[in-house]
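The model shown is predicted, which means the values in this text are computed figures rather than measured ones.
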2 protein chains.
Amino acid sequence: MKLKRDDISDRVIQRLTKYLSILHDMKKYEEYINSSELSKIMNTTSAQIRRDLSTFGEFGIRGKGYDIENLISIIERILGIDRINKVILVGHGKVGEMLTSNTEVLGKSFNIVEVFDKSPSKVGKEIKDLNIKIKDIKDIDSDLGKINVDTAILSVIKEQAQIVTDILVKNHIKGILNFTTYKLETPDDVAVVDVNISANLQELNFWKDMLKNKGE
Amino acid sequence: MKLKRDDISDRVIQRLTKYLSILHDMKKYEEYINSSELSKIMNTTSAQIRRDLSTFGEFGIRGKGYDIENLISIIERILGIDRINKVILVGHGKVGEMLTSNTEVLGKSFNIVEVFDKSPSKVGKEIKDLNIKIKDIKDIDSDLGKINVDTAILSVIKEQAQIVTDILVKNHIKGILNFTTYKLETPDDVAVVDVNISANLQELNFWKDMLKNKGE
DNA sequence: TAGATTGTTAATCGATTAACAATC
DNA sequence: TAGATTGTTAATCGATTAACAATC
């Protein structure tokens with residue numbers, strides 16, 4: 001039986017990425033981990049760990065726990081990061097530069113294969129670490145036909161966000177990591193995840209004040 | 001009656017930041033907005049909008065809706081961004097550079113007032129846009145006493161994350177925006193919000209594949 | 001006053017957790 | 001086999017929503 005969109009909550013997927021990170025740390029020290037140990041690190045219950053994983057199959061060994069290496073492979077496969085995923089980057093401002101000069105931030109399974117910008121002063125410039133030249137946003141249309149990419153990172157200015165998104169969607173992009181603060185409109189078969197550092201800071205600020213004003 | 005930590009879910013606060021962003025866009029065109037209009041933009045119900053806001057008070061006018069300018073002020077006050085919040089930045093790598101060279105990403109109410117790094121090649125260097133010099137992480141102790149800051153942005157390497165956090169906590173930092181992938185351990189009265197771009201991409205990748213494999 | 005939309009209650013839905021039979 | 005921990009069911013908890021009285 002195949003899993004459908006509604007069988008899975010976004011919270012489960014967010015936790016999966018955290019499990020993965022913890023498992024990568026743990027594998028240096030241990031071969032197995034059980035749901036109780038993992039739940040302590042995650043600040044949750046062992047039941048939640050087991051239930052989350054059981055959404056996707058049976059991966060544990062009763063009486064023993066989970067084989068860490070194995071569980072890493074499984075989660076990587078679930079998230080689709082057991083392979084190299086090609087992505088394009090649209091907008092080479094400060095955020096874009098950070099992403100092209102620091103391959104580490106995206107993680108090892110994501111590779112930027114093209115960078116687009118609309119500024120004439122940037123187009124044609126070489127990005128040394130990636131060995132590619134910045135192309136004109138105008139060329140997205142003709143370019144995306146040649147390479148087989150379905151994921152884009154959007155780091156243009158807010159005013160261009162929807163315009164560029166429409167071009168991306170037209171060119172069969174199915175996933176957009178949105179660094180703009182614009183609420184993108186996309187068809188149902190296009191996934192969008194927003195990254196909003198300012199909003200994260202606002203959240204932090206709220207909780208910080210709340211904790212300060214009453215100690216827990 | 002004062003609100004306690006448990007009266008408020010993190011989901012409400014996350015939505016508040018989104019309401020704020022939408023309201024800022026809307027204020028150019030309209031004076032009032034009602035819960036039904038806002039819910040359509042937010043892809044939710046009008047009941048959720050009204051309930052979220054009513055957590056903090058009564059801000060609407062029956063029969064009319066919400067005064068946009070007024071609601072912006074209210075939400076900004078709730079989030080504590082109706083004033084300038086001083087923050088320090090620890091770790092001036094690629095992420096740190098992006099944050100100091102692009103004041104826009106943090107939003108207008110957050111100001112970086114000190115930058116620390118442990119690399120001798122960076123310490124002492126001037127950050128032009130901010131008019132401050134990078135200081136040695138070793139000096140956090142003596143320095144934080146002088147300035148009155150309770151928020152830090154952590155963008156050091158993973159291996160240094162907990163060590164630096166312990167120093168920050170000792171120096172009365174109460175909020176940490178964590179760009180490392182390390183799961184920080186902090187006392188109960190210190191708030192932490194994680195920013196993990198790689199995890200966001202993993203999430204996106206999952207949903208993208210899910211939508212692709214079955215159209216909706 | 002009539003119409004509209006809020007703020008809030010009660011009902012529903014979904015997510016978390018406790019508990020335990022299954023099984024390594 | 002005895003001990004431990006999984007996978008899953010049923011109970012609980014919390015968040016969302018429908019519905020409506022209050023009121024602008």
Side-chain angles (χ1 to χ4, degrees), chain A residues 1 3-19 22-23 26 30-72 74-75 78 203 206-207, chain B residues 1 3-19 22-23 26 30-72 74-75 78 203 206-207:
Chain A
M1 189 237 14
L3 284 169
K4 254 193 75 68
R5 198 189 197 317
D6 293 335
D7 302 331
I8 302 165
S9 92
D10 56 345
R11 297 228 132 171
V12 173
I13 302 304
Q14 281 165 15
R15 285 194 297 266
L16 238 41
T17 68
K18 288 189 182 150
Y19 297 160
I22 291 168
L23 291 169
M26 295 302 292
E30 295 290 342
E31 199 176 341
Y32 287 88
I33 192 168
N34 62 45
S35 58
S36 166
E37 290 164 334
L38 187 48
S39 71
K40 268 167 207 136
I41 301 170
M42 283 287 296
N43 269 109
T44 180
T45 59
S46 63
Q48 181 167 80
I49 306 282
R50 294 197 301 278
R51 171 158 273 253
D52 280 356
L53 295 175
S54 72
T55 311
F56 303 96
E58 301 192 9
F59 310 126
I61 301 164
R62 285 163 203 240
K64 197 160 188 188
Y66 300 87
D67 177 304
I68 294 180
E69 293 270 17
N70 180 244
L71 195 51
I72 288 176
I74 302 250
I75 296 178
I78 293 168
E203 255 183 85
F206 176 85
W207 292 116
Chain B
M1 188 237 15
L3 283 169
K4 254 193 75 67
R5 196 190 200 316
D6 294 333
D7 301 331
I8 303 165
S9 91
D10 55 347
R11 296 228 133 172
V12 174
I13 301 305
Q14 281 164 17
R15 285 195 296 265
L16 238 41
T17 68
K18 289 187 182 151
Y19 298 159
I22 291 168
L23 292 168
M26 295 301 293
E30 296 290 342
E31 199 176 342
Y32 287 88
I33 192 168
N34 63 44
S35 57
S36 166
E37 291 164 336
L38 188 48
S39 72
K40 268 165 208 136
I41 303 171
M42 283 287 296
N43 267 108
T44 180
T45 60
S46 64
Q48 180 167 78
I49 307 282
R50 294 197 301 277
R51 171 159 273 254
D52 279 356
L53 294 174
S54 73
T55 311
F56 303 96
E58 302 192 9
F59 311 125
I61 301 163
R62 287 163 201 238
K64 196 156 188 192
Y66 300 88
D67 178 305
I68 294 181
E69 292 271 15
N70 180 244
L71 195 50
I72 288 175
I74 302 248
I75 297 179
I78 294 168
E203 254 183 86
F206 175 85
W207 292 115

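The side chain to side chain contact (heavy atoms under 4.5 Å, CB included) with F206(A) is formed by just one residue from the set L16(B), V12(B), T17(B), I78(B); it is I78(B).
Within the model, atoms CD1 of I33(A) and CG of L71(A) stand 8.5 Å from one another, a figure rounded to the nearest 0.5 Å. Rounded to the nearest 0.5 Å, atoms CZ (R51(B)) and OG1 (T45(B)) are 10.5 Å apart. To the nearest 0.5 Å, atoms CD1 (I41(B)) and NZ (K18(B)) are separated by 13.5 Å. Note that CD of E37(A) and OG of S46(A) are 11.0 Å apart. Values are rounded to the nearest 0.5 Å. With values rounded to the nearest 0.5 angstrom, Q14(B) atom CD is found 8.0 Å from S9(B) atom OG.
R11(A) pairs by the salt bridge (charged side-chain N to carboxylate O under 4.0 Å, His left out) definition with D10(B), not counting sequence neighbours. Evaluation of the side chain to side chain donor-acceptor pair (under 3.5 Å) rule for D52(B) yields R15(B), Y19(B) as partners, not counting sequence neighbours.
Proximity of residues 34-41 of chain B to DNA chain C (heavy atom under 4.0 angstrom from any strand atom) is restricted to N34(B), S35(B). Using a 4.0 Å cutoff on non-hydrogen atoms, the parts of residues 45-59 of chain B near DNA chain C are R50(B), R51(B), S54(B), E58(B), F59(B), ordered by number.
Between T44(A) and K64(A), the residue anchored closer to the 5' end of DNA chain C is T44(A), taking for each the nucleotide with the nearest heavy atom. Closest-nucleotide positions on DNA chain C for G60(A) and R15(A) were compared, and the one nearer the 5' end corresponds to R15(A).
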Can I13(B) and W207(A) be said to form a side chain to side chain contact (heavy atoms under 4.5 Å, CB included), step by step? CA-CA 9 Å; I13(B) 301 305; W207(A) 292 116; 3.7 Å; yes

With side chain to side chain contact (heavy atoms under 4.5 Å, CB included) as the test, would you mind laying out the steps for D7(A) and T55(A) before giving the verdict? CA-CA 8 Å; D7(A) 302 331; T55(A) 311; 5.7 Å; no

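Of all heavy-atom pairs between I68(A) and E30(A), the closest is CD1-O, 3.5 Å.
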Pairing string, 5' to 3', for DNA chain C - Watson-Crick or wobble contacts under 3.5 Å, brackets [ ] where pairs cross, | to another strand: ..||||||||||||||||||||||

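At least one side-chain heavy atom of L53(B) sits under 4.5 Å from a side-chain heavy atom of Y66(B). F59(B) has its side chain out of reach of I75(B): every pair of non-hydrogen atoms, C-beta onward, lies at least 4.5 Å apart.
The footprint of chain A on DNA chain C, defined by a heavy-atom cutoff below 4.0 Å, extends from dA15(C) to dC24(C).
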